[in-house]
Every structure is written in structure tokens, then in C-alpha cells.
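This report concerns only the one structure given below.
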Number of protein chains: 2
Amino acid sequence: MTPTPKDHSECTRNLLPVKDALDILGGKWKLPIIIALTFGNKRFKEMQREINGITAKMLSKELKDLEVNQLVKRTVYDTVPVSVEYELTTYGKSLHKVIGELRTWGLQHRKKVLSKAE
Amino acid sequence: MTPTPKDHSECTRNLLPVKDALDILGGKWKLPIIIALTFGNKRFKEMQREINGITAKMLSKELKDLEVNQLVKRTVYDTVPVSVEYELTTYGKSLHKVIGELRTWGLQHRKKVLSKAE
DNA sequence: TATACCGGTTTACTAAAGTATACCTACTCA
DNA sequence: TGAGTAGGTATACTTTAGTAAACCGGTATA
């Protein structure tokens, strides 16, 4: 009835890395941004156009977060006027499988929901 | 420079299922609850003890959400007093791979962070 | 009688996430 | 000269997520 210490610690051990991942990927925009960048490097306004509904503030903030975590690299080109390009780092690309699984599950879920349909 | 319509629609097409998945799994407690249940069926207070920091209100609410989405099944036993058991449905168990990938990535990320160490 | 367990709900609150709008410099095009 | 682009920042606001604490009926234990 009472969880055994073993259960509890195993649960925690399994949970921690999942939480770590979600800290980085959580929120409304992180994955949309990452996914947008899997289609190629992009500039700020370009991303804003491509990701429906995101505001400049959020895009700016989220890109910073992703940069800090080294998933995204920001390059400023010394053109006139400056242009800024964002790209996925190798590390960012390592999320590929995670995103793939989420996508697969989401697709299947959508199919299920639609089949019981309203 | 301007995203091609193709890019944009491909991006959306890839994003939607991921969003669907995150709608269901998002928030602080959904995955902790699901992971706790992968270690076996559990009762309410038992889960509350096992999941560090969750309040009764959140546990109750999140379990309802998961039940609605058919990831978790709630069974009331007609004992005196009633006992209530929660279990993962087959559908809930289908998240196994998603969670596995998140966990793998999170573990590797943690290792990376620790190695640059503060 | 008092205390504690079970499975929650209710109320009130705070904190975090996200939005809307305006604004900034520097540049180009007509 | 005015409008539009790029790459943002600042301010103020709303909405949502989450917390803390009290409470409920019923049962059991001492």
C-alpha cells in the first residue's frame, strides 16, 4: 500500500531526465521554433512569418533560451544592414528522434480522436 | 528569403501532431503521473506520496484530464471505505517510446551539462 | 473522545507564461 | 518625404498554471 522506497526512488530516477528534457523543450514555442529550423537556417522575420501566431517578443526570448542551451546558434552577418541567421546546432539536431516520436504519437492520437469523431 | 508556401505548409504539417501530443502531455505533472503508473497501479494517496510535491488538487485535476484522454483508467472498488485505483490503459502504455526518447535525451543532456560543470 | 486515513473539493492566492502595442535604429525604394 | 524592411526592446496587460490551506463524509484505531 505504502510505496516501497525502491518504487519511489526508481520513479524519481526515471523522472528526473524527463523533467530535464521538458525544462528545455517545454512551453508553447520551443518545439515550433526547433521544427521550423529543421527545414533550414532562417532569419528573424522569416521565422516570425513561418511560425503562426508568435510575437516578436516571444520569438526573441525563446531563441535566447535555445541559444543558452546550445540548441540554436545565432550568427550576425556584417552586412548593411546587419542580417541575423539562426541555425540548429548539432546538439539541436540530436532532438530529432524525440520530436519524431512525439510526432508519431500525436499523429496516431489525432487519428484515434477523429475516428470517434464528433 | 520569404518562406516558400511549401516550407510553411510542411512546417505546419510537422508541427500539428507534435502540438497535439504536447497538449496532452504538457504541464508539470502529466508525465510524472504517467511514469509513476508505469510501475504499477496505484491509489490516490499512494500516488501523492510517490510524486514529490504534487498537491491533491493538481493530482485530482491531472488524473481527470488523463482519464478523459483515455490514458488512465479509474476504478472504484466497492469496499468499505471505497478504494480507488488508477491504472495506465493500453493507450497510456503506448507513450512508452515517447517517454523513453525524452528520458534518453534528458540523460545525455544532464551528462553534457555536468561535464562543463560549475 | 481524539487522531488519523481515504479520496477528494473549495476557496483564495501567487507566479509564470504569453499577448498586444508601441517604439527604436538603420537602411532601401519610389 | 513617406512607407516598408530588418532585428529587435519596453511597457503593460491578461490568462493559465500551480500552490497553500481548509474542509468534507465516512471509517478505523487507541
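We name chains A, B, ... by the order of the sequence lines, and we start the count at 1 in each one.
Taking the C1' atoms of five terminal pairs at each end of the helix from C:dT1-D:dA30 to C:dA30-D:dT1, the two resulting helix axes are inclined by 10°, rounded to 10°.
B:R110 meets the salt bridge (Lys or Arg N to Asp or Glu O under 4.0 Å) test with A:D20; sequence neighbours excluded. Residues forming a side-chain hydrogen bond (donor to acceptor under 3.5 Å, both in side chains) with A:T38 (at least two apart in sequence, or on another chain): none. B:K93 meets the salt bridge (Lys or Arg N to Asp or Glu O under 4.0 Å) test with no other residue; sequence neighbours excluded. For A:Q48, the side-chain contact (heavy atoms from CB on, under 4.5 Å) criterion is met by A:F44, A:K45, A:I54, A:A56, A:L59, not counting sequence neighbours. Applying the side-chain hydrogen bond (donor to acceptor under 3.5 Å, both in side chains) criterion to B:T75, with sequence neighbours excluded, gives no partner residue. With sequence neighbours excluded, no residue satisfies ring-ring contact (aromatic ring centres under 6.0 Å, His included) with A:W29.
Between A:R49 atom CZ and D:dG4 atom C1' there is a gap of 12 Å when expressed in whole angstrom units. Remark: P of D:dT19 and CD1 of B:I51 are 12 Å apart, rounded to the nearest angstrom. Rounding to whole angstrom units, OH of residue A:Y77 and C1' of D:dA6 are separated by 16 Å. The CE atom of B:M47 sits 19 Å away from the P atom of C:dC5 (whole-angstrom rounding). Look at NZ on B:K30: it is 10 Å from C1' on D:dA17, rounded to the nearest Å. Atom pair B:D78:CG and C:dC6:P shows a separation of 19 Å (rounding to whole Å applied).
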>> Protein within reach of the bases, or only the backbone? For nucleotides 7-23 of chain C, mark each nucleotide 5' to 3' as B, S or -, using heavy atoms under 4.0 Å.
In response: BBSBBB-----SBB---
For nucleotides 25-30 of chain D, which of its nitrogen or oxygen atoms have a protein nitrogen or oxygen under 3.5 Å away, and what is each distance?
none

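Closest heavy-atom contact between A:P32 and B:K19: CG-CE, 4.3 Å.
Pairs of residues two or more places apart, or lying in two chains, that qualify as ring-ring contact (aromatic ring centres under 6.0 Å, His included) and include a residue from residues 53-96 of chain B are A:W105-B:Y91, A:H109-B:Y91. For residues 51-69 of chain A, the pairs satisfying side-chain hydrogen bond (donor to acceptor under 3.5 Å, both in side chains) are A:N52-B:H8, with sequence neighbours left out. Residue pairs that meet the salt bridge (Lys or Arg N to Asp or Glu O under 4.0 Å) test with at least one member in residues 74-86 of chain B, sequence neighbours left out, do not exist here.
The distance from the CD1 atom of A:I33 to the CG atom of A:L25 is 11.5 Å, given to the nearest 0.5 Å.
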